[in-house]
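The structure appears below as structure tokens.
Quick note: residue numbers are just sequence positions, from 1.
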Amino acid sequence: MNKVIYIGELALNVELSHDGSASTRVGDRIVSAAVLDGMMGVETLFVGEASADAVGDHIVGYLDKNGVDTRSVDRFTEGASPVRISAASSPDEKGTVIHSAFPSEPVNPVWPRVNEGDVVIFGSYMALDKRNHQQIIDLLKHSSARKATVVSMPYFDIKRVPRITRVMPEIFDNLEVADLVLLTRHDLDALFPGEETAAAFRDHILFYCKRCMVMDRDALTMHFFDGNESWTLKCHPTDLDEAHWTAGAVAGVARALAEGMTDPDDIMAKANETAHSELAAGI
């Protein structure tokens, strides 16, 4: 099996409960997918940035503990890793506060070696931030030249992107370098409000990338598009919430691609299998 390289933002999430206690979790769906692949024995690397302080140590330690190679995490000294604080009673974006301070310089990690057949998955606001965007595009172009499979996950924190039009050029740049676009139905709603899944792919994504997989947790359905062809997989019910289900599906797609799978049915089957695994419930 080839290795999987994830590129994304590293943050510490803190949830405040009604009784005055707090729980923490590292990262978002791209981090959870990387951790799940690491736990499943896939050679997994993470490219990102974390402060050289206690919060950064906690984030990087979590990845290390779960089998994710962190040698390509840039440990910056001028600033602070993002800490996202939310109240259990207000799970929406209005009840969330983000504290962060990044250096003015772009991310500067030791880029991992990319080999033919490797899988590079990138997303989150880190791939849209003008501070880092060109650096990441350069790595992705290098990855394509090395015959790796490049996967774009165009999602973002709405509090970081109050006006989507400001980052649409970066989003389309990212789609253009990708071999596969991987997103949720809610991501489509944020990017192209009110548009049906197939129409959103045909009218906005196909011009840049001909392959796209859309995960719809609410409908328990996965849709795969390849040019003018499409496939649908109806998933069986699960107790997992959307965050765990989606991260599991992403990890499954990564494993499928790293194993050399190209058939949409096989890729979706691996995504569905991983999304329903016991490990996915625990990340």
Side-chain angles (χ1 to χ4, degrees), residues 3-17 21-86 88 96-103 105-114 118-127 129 131-132 135-136 139 153 155 157 160 240-241 243-244 246-248 250-251 254-255 258 274 277-283:
K3 65 178 177 289
V4 181
I5 300 168
Y6 284 92
I7 306 174
E9 188 172 73
L10 293 169
L12 180 65
N13 302 295
V14 180
E15 183 175 286
L16 308 177
S17 68
S21 62
S23 61
T24 63
R25 179 175 59 86
V26 173
D28 55 15
R29 72 182 74 161
I30 208 164
V31 176
S32 295
V35 165
L36 186 51
D37 277 334
M39 293 169 66
M40 289 185 166
V42 180
E43 184 180 358
T44 308
L45 298 85
F46 203 95
V47 177
E49 53 187 341
S51 58
D53 59 16
V55 172
D57 289 346
H58 178 79
I59 292 171
V60 172
Y62 172 74
L63 295 174
D64 286 332
K65 182 182 71 174
N66 288 290
V68 179
D69 189 324
T70 59
R71 285 175 291 182
S72 291
V73 174
D74 182 15
R75 301 299 302 274
F76 59 83
T77 56
E78 295 128 9
S81 298
V83 177
R84 180 187 177 100
I85 304 172
S86 60
T96 301
V97 178
I98 301 174
H99 297 282
S100 65
F102 289 105
E105 298 82 9
V107 62
N108 186 32
V110 177
W111 296 121
R113 180 182 177 86
V114 181
D118 287 346
V119 180
V120 180
I121 301 181
F122 71 105
S124 76
Y125 181 68
M126 181 181 175
D129 187 354
R131 180 176 68 91
N132 290 327
Q135 293 276 74
I136 293 174
L139 174 62
M153 292 178 58
Y155 70 95
D157 185 333
R160 303 283 293 276
L240 297 185
D241 59 24
H244 288 81
T246 301
V250 172
R255 289 172 58 217
T274 311
S277 67
E278 290 184 11
L279 283 177
I283 54 176

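Between R29 atom CZ and Y6 atom OH the span is 12.5 Å, to the nearest 0.5 Å. Note: R25 CZ to E15 CD = 9.0 Å, rounded to the nearest 0.5 Å. Distance CG/D74 to CH2/W111: 9.0 Å, rounded to 0.5 Å. The CZ atom of R113 lies 11.0 Å from the CD1 atom of I5; values are rounded to the nearest 0.5 Å. For the atom pair NE2 (H58) and CG (L10), the distance works out to 11.5 Å, reported to the nearest 0.5 Å. A distance of 11.5 Å separates CG in D37 from OG in S32, rounded to the nearest 0.5 Å.
Nearest approach of L36 to A251, heavy atoms of both residues: CD2-CB, 3.7 Å. Looking at every heavy atom in both residues, A254 comes nearest to V119 through O-CG2, 4.2 Å. What you find for G48 and V107 is that their closest heavy atoms are O-CG2, 3.9 Å. The nearest pair of heavy atoms linking S81 to G56 is OG-CA, 4.0 Å. Among all heavy-atom pairs drawn from P82 and S100, the shortest one is CA-CB, 3.6 Å. Annotation for G79 and D53: closest pair O-OD2, 4.4 Å, computed over non-hydrogen atoms.
Ion pairing between a basic and an acidic side chain is recognised when a charged N comes within 4.0 Å of a carboxylate O; R84 and E9 show no such pairing.
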Apply side-chain contact (heavy atoms from CB on, under 4.5 Å) to the pair F46 and I30, showing each step before the final yes or no. CA-CA 10 Å; F46 203 95; I30 208 164; 4.2 Å; yes
Start with the C-alpha distance between D28 and Y155, add both sets of side-chain angles, then the distance that settles side-chain contact (heavy atoms from CB on, under 4.5 Å), and finish with yes or no. CA-CA 10 Å; D28 55 15; Y155 70 95; 2.9 Å; yes
Test side-chain contact (heavy atoms from CB on, under 4.5 Å) on M126 and I136 and set out the steps. CA-CA 9 Å; M126 181 181 175; I136 293 174; 3.9 Å; yes
Checking side-chain contact (heavy atoms from CB on, under 4.5 Å) for the pair V73/V47: CA distance, chi angles, key distance, verdict? CA-CA 5 Å; V73 174; V47 177; over 6 Å; no
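At a threshold of 4.5 Å between non-hydrogen side-chain atoms, the residues L63 and V31 count as touching. The shortest distance between side-chain heavy atoms of D69 and K3 does not fall below 4.5 Å. Contact annotation: the side chain of I7 never approaches that of I121 to less than 4.5 Å [non-hydrogen atoms, C-beta and beyond].
Formation of a donor-acceptor pair under 3.5 Å by the S51 side chain with backbone atoms of F76 is not found in this model. Although no hydrogens or angles enter the test, the distance criterion places a donor-acceptor pair under 3.5 Å between the side chain of N13 and the main chain of G27.
There is no side-chain donor-acceptor pair under 3.5 Å between T96 and S86.
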